[in-house]
Chemist: 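The structure is given below, and queries will be raised subsequently.
If you're wondering where the values come from, they're calculated on a predicted model, not measured in any experiment.
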Amino acid sequence: MASGILGTGVSGLAAAQFGLDTTGHNIANVNTEGYSRQRVETESTVGNAFRSTFLGNGTQLAAITRTFNEFNYNEVIFNESQYNYNETRLTNASRLDNLLADPDTGITATFEEMFNGINGVVEEPTLISARNVVLSTAENTVKRFNTLYEEVAVQHMGSINEEIYTSVSEINSITSEIALLNSKIQVENAVGSEGFAPNDLLDSREQLIKRLSQMTQVDTIQLDDGTVNVTVGQGVTLVTGAFALPMSVIRNEFDSGILEIGVSTKEDSESKSIVTDQLSGGSVSSLLDVRDEMIMPAIRELGKLAIVIADSFNRQQSLGRDLNGEVGSNLFSDINDPQLVLSRTFGAVTNPVESKFEINIRNSSQLTTDIYDLDYDGTDLIVSDAKGNVIESFDPAQIAQMNAGTELTIGNTGLSMAIDTDNMTAGDRWQINALKNGASKIDIVIEDPKLIAAADNYFEIDSVTNTNNVSLSLYEINNVSNASYPSPNNVPPLPDPMLQIVVDATGTQYDIQDSAGNSVNGGFQDIAADKIINGPGFTMQFEGELAGNEVFNLTHADNDLIPNDNKKFGPGDNTNMLSMLNFQSKKTMDNGLNSFSEGYADLVTAVGVDTKSTEIARDSYQTLLSGSSARLAAVQGVNLDEEAANLIQYQQAYSASARIITVARETFQTLLSAAG
């Protein structure tokens, strides 16, 4: 009987001791982040059989459990992931938005200053000081483009790349720790007495998973041995049991300035699976999305705007005469400089031998910010958009033309292509990114104010046959040194009375002929989709639907056989300068949808809307995260008042159990005395 009382007392003493230890552990970790309050679970032991009943035999420890709710925890890590995604996106979007929208750093104010300067020359074409203002404001515009490019493409992209490197390193550190904890938990579950869960190790692992969810969306798979497999994004495995699969930062196969994320069994492995597009949620995915959806499109949009401005003013300069009476020269750097046209194509690192392409901007008004894929299948050279839609397919005969230096148009992209170096093999791939360096390469090339071409050109175009009232106008004068260029210095065509632009009966081909009907252009040629046609030293453009058999006359003001006093040069002529002033509102961009200012305003608006919508999403997930975190804390958090009450309870139980042992000892002593 005494041993029964003693055993019961000892079991109660042990249970109270477990309670005191656990309560003290809870109190000590009241401020430990991620700690789950622990609770002692006891159960009565099986009693001793005595006659027709069982005598109680005390208590035993059943478990030390965590007050943890899996559903609440999963809710927290999801909201954590979404909040950090939007917070990171908002930080970067706000930086870009502030840069573009601020009058001191944006480009709108420089547009206004430049057009104010142009208006001064319109009013006083011969005033040198007014012309100097145009050059000064044009230079300010160039510098503003260069500065914006530096800030967005170099500084902002650089900081994003640095964050990607840092984040991937931290992810690898976290997943390695999770894998290590998995191995410890597996061991503890296997050898621990009574098979009790290692609560503190579980807390540490869940805290690491929560940290991981801040950088990328996390899913876990619980295994029977207590370990978890960790996947991120769209099922990318980073931890499986006691093994972590490291992430790596690698260069994009086309553009080394763009970083991709890969996963492999070993960090130094050469074979890596690219998972950039499979990540979602968290700060890392946000960095990648901001780069791909905001930063890089903004760089290309700025490049497009710079190219359209340079092209528009350069072409208009060529269509006028400067203060010396000469054909106007480029105001800005040539958008089709030989080095630039070779820099617009990026070959895949897997291409065995380098091939080089010349990508010329043929019609800047058709430019979009799209990047095009270029693939060679062994027979055809295929240009596709980002969705895989074929834009143009060049057959072997056309490839031979491009190898010979002939530029062929690429659909309605505003681009044309020739081949500089042909080492193509089947399977080779390239990307065409014509706008990447547009804002960084724009420059002003005129220093002499007299070279501003304010006066009109010396050509006049009249229609002879024009059923549909199609408009034909000069697009650009690009080579006055061409032997067939219609000027008094070239015989022929001048002093031939005129040139004729002749359209065939189908309205699909054209020729340029002298007055005797001889071609000065090599015979009939196809009319491209943008209706820009090439002449000897100049280009022209049709507007309207050609019916066929149209004929137009082109005459020169200095042709003595057909005098044209309307086109005689005068230093006070401001006709061409008025055309430049019209660029302030003329729809020169996006297939005639936007002016310069409207094109830039579209960019600022798009970034601003994205920034605001991201802020709304951030605030929403911040509220959701706060609520879910509070619910989880209510379950797992340590309440000091409750723990203080538990201390008293376990202390009293300990004292009572100790008294049971004392009674058992006294009873035993009484028996010994009676026996003695």
Side-chain angles (χ1 to χ4, degrees), residues 153 252-258 260 274 276-278 288-308 311 335-336 340-351 355-396 398-399 401-402 407-419 424 426-439 528-532 589-594 599 602-603 606-607 610:
N252 181 269
E253 62 175 328
F254 295 105
D255 188 345
S256 61
I258 298 174
E260 306 285 358
I274 305 300
T276 307
D277 294 336
Q278 299 177 48
L288 297 169
D289 287 350
V290 165
R291 179 195 69 189
D292 295 340
E293 297 171 6
M294 295 185 69
I295 304 296
M296 291 173 61
I299 293 170
R300 296 196 295 272
E301 193 68 48
L302 288 170
K304 181 179 74 173
L305 181 57
I307 287 170
V308 174
D311 182 45
I335 63 169
N336 287 321
L340 279 178
V341 299
L342 289 171
S343 69
R344 292 168 176 158
T345 310
F346 301 83
V349 294
T350 54
N351 294 351
S355 295
K356 296 181 180 179
F357 299 88
E358 298 174 358
I359 304 297
N360 285 271
I361 294 173
R362 169 184 170 87
N363 186 346
S364 62
S365 69
Q366 291 185 324
L367 292 176
T368 69
T369 57
D370 292 341
I371 294 176
Y372 304 103
D373 294 321
L374 183 62
D375 299 272
Y376 183 61
D377 63 5
T379 303
D380 296 333
L381 194 57
I382 303 165
V383 182
S384 309
D385 62 19
K387 296 180 179 179
N389 301 312
V390 175
I391 295 173
E392 198 74 60
S393 182
F394 299 106
D395 60 30
Q398 292 171 314
I399 292 173
Q401 284 182 276
M402 291 191 288
E407 295 177 23
L408 298 183
T409 57
I410 306 174
N412 292 319
T413 63
L415 305 175
S416 62
M417 182 170 69
I419 300 175
M424 296 186 295
D428 282 358
R429 298 177 299 128
W430 303 265
Q431 279 189 344
I432 300 173
N433 188 349
L435 308 180
K436 179 181 178 181
N437 297 316
D530 57 13
K531 298 182 180 178
I532 295 176
M589 297 183 65
D590 306 317
N591 285 306
L593 294 177
N594 288 318
D602 279 355
L603 171 60
V607 173
D610 198 316

Chemist: In a table with atom names and distances, give each donor-acceptor pair under 3.5 Å that connects a side chain of residues 289-301 to protein atoms at least two apart or in another chain.
Modeler:
from : atom 1 : to   : atom 2 : distance (Å)
D289 : OD2    : Y85  : OH     : 2.8
R291 : NH1    : L259 : O      : 2.5
R291 : NH2    : L259 : O      : 3.3
E293 : OE1    : R89  : NH1    : 3.2
E293 : OE1    : R89  : NH2    : 3.1
R300 : NE     : T369 : O      : 2.6
E301 : OE2    : K304 : NZ     : 3.0

Chemist: Test side chain to side chain contact (heavy atoms under 4.5 Å, CB included) on I432 and I410 and set out the steps.
Modeler: CA-CA 11 Å; I432 300 173; I410 306 174; 4.3 Å; yes
Chemist: For A306 and A439, which heavy atoms make the closest approach, and how far apart are they?
Modeler: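 Nearest heavy atoms, A306 then A439: CB-CA, 3.9 Å.
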Chemist: Among all residues two or more places apart in sequence or in another chain, which pass the side chain to side chain donor-acceptor pair (under 3.5 Å) test with D385?
Modeler: N389
Chemist: Going by atom type alone, with no hydrogens or angles, which donor-acceptor pairs under 3.5 Å involve a side-chain atom of residues 373-380 and a protein atom two or more places apart or on another chain?
Modeler:
from : atom 1 : to   : atom 2 : distance (Å)
Y376 : OH     : G378 : O      : 3.0
D377 : OD1    : T379 : N      : 2.8
D377 : OD1    : D380 : N      : 2.6

Chemist: Listed by chain and number, what are the side-chain contact (heavy atoms from CB on, under 4.5 Å) partners of D370, not counting sequence neighbours?
Modeler: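 Checked D370 against side-chain contact (heavy atoms from CB on, under 4.5 Å); matches are T368, Y372.
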Chemist: Any heavy-atom pair between the side chains of E253 and I274 that's under 4.5 Å?
Modeler: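 Result no, sub-4.5 Å side-chain heavy-atom pair not found.
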Chemist: For the CD1 atom of I382 and the CD atom of E392, what is their distance to the nearest 0.5 Å?
Modeler: 11.0 Å
Chemist: Is I399 close to M424 at the side-chain level, that is, under 4.5 Å between some pair of heavy atoms?
Modeler: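 Touching, per the 4.5 Å side-chain cut-off.
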Chemist: Using side chain to side chain donor-acceptor pair (under 3.5 Å) as the criterion, list what pairs up with K436, not counting sequence neighbours.
Modeler: D255
Chemist: Can you see which heavy atom on S364 is nearest to which on D311, and at what distance?
Modeler: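 It is OG-OD2, 2.6 Å.
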Chemist: Verify, without hydrogens or angle tests, whether N351 (side chain) and R429 (backbone) share a donor-acceptor contact under 3.5 angstrom.
Modeler: yes
Chemist: What residues, two or more places apart in sequence or in another chain, satisfy side chain to side chain donor-acceptor pair (under 3.5 Å) together with T276?
Modeler: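 Checked T276 against side chain to side chain donor-acceptor pair (under 3.5 Å); matches are E260.
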Chemist: Just by modelled atom types, is the F346 backbone N or O under 3.5 Å from a matching donor or acceptor in the Q431 side chain?
Modeler: no
Chemist: Please name the pair of heavy atoms, one in I307 and one in A434, separated by the smallest distance, quoted to 0.1 Å.
Modeler: CD1-O, 3.9 Å
Chemist: Roughly how far apart are S355 OG and L381 CG, rounded to 0.5 Å?
Modeler: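 Answer rounded to 0.5 Å: 9.0 Å.
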Chemist: Sequence neighbours left out, what pairs pass salt bridge (Lys or Arg N to Asp or Glu O under 4.0 Å) with at least one residue falling in residues 355-365?
Modeler: R362-D530
Chemist: Looking at N336, N433, N437, N360, which hits side chain to side chain donor-acceptor pair (under 3.5 Å) with R344?
Modeler: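 Checked N336, N433, N437, N360 against R344; only one passes side chain to side chain donor-acceptor pair (under 3.5 Å): N336.
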Chemist: Would you please name every residue forming a side chain to side chain donor-acceptor pair (under 3.5 Å) with D602, sequence neighbours left out?
Modeler: N594
Chemist: Does N591 have any side-chain contact (heavy atoms from CB on, under 4.5 Å) partners at least two apart in sequence or in another chain, and if so, which?
Modeler: Q366
Chemist: Can you name the residues that form a ring pair (Phe, Tyr, Trp, His ring centres under 6.0 Å) with F357, not counting sequence neighbours?
Modeler: W430
Chemist: With sequence neighbours left out, write down each residue that passes side-chain contact (heavy atoms from CB on, under 4.5 Å) with Q398, or none if nothing qualifies.
Modeler: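 With sequence neighbours excluded, Q398 shows a side-chain contact (heavy atoms from CB on, under 4.5 Å) to F394, D395, Q401, L408, given in chain and number order.
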Chemist: What I'd like to find out is whether the side chain of L415 reaches to under 4.5 Å of the side chain of I361, using heavy atoms alone.
Modeler: yes
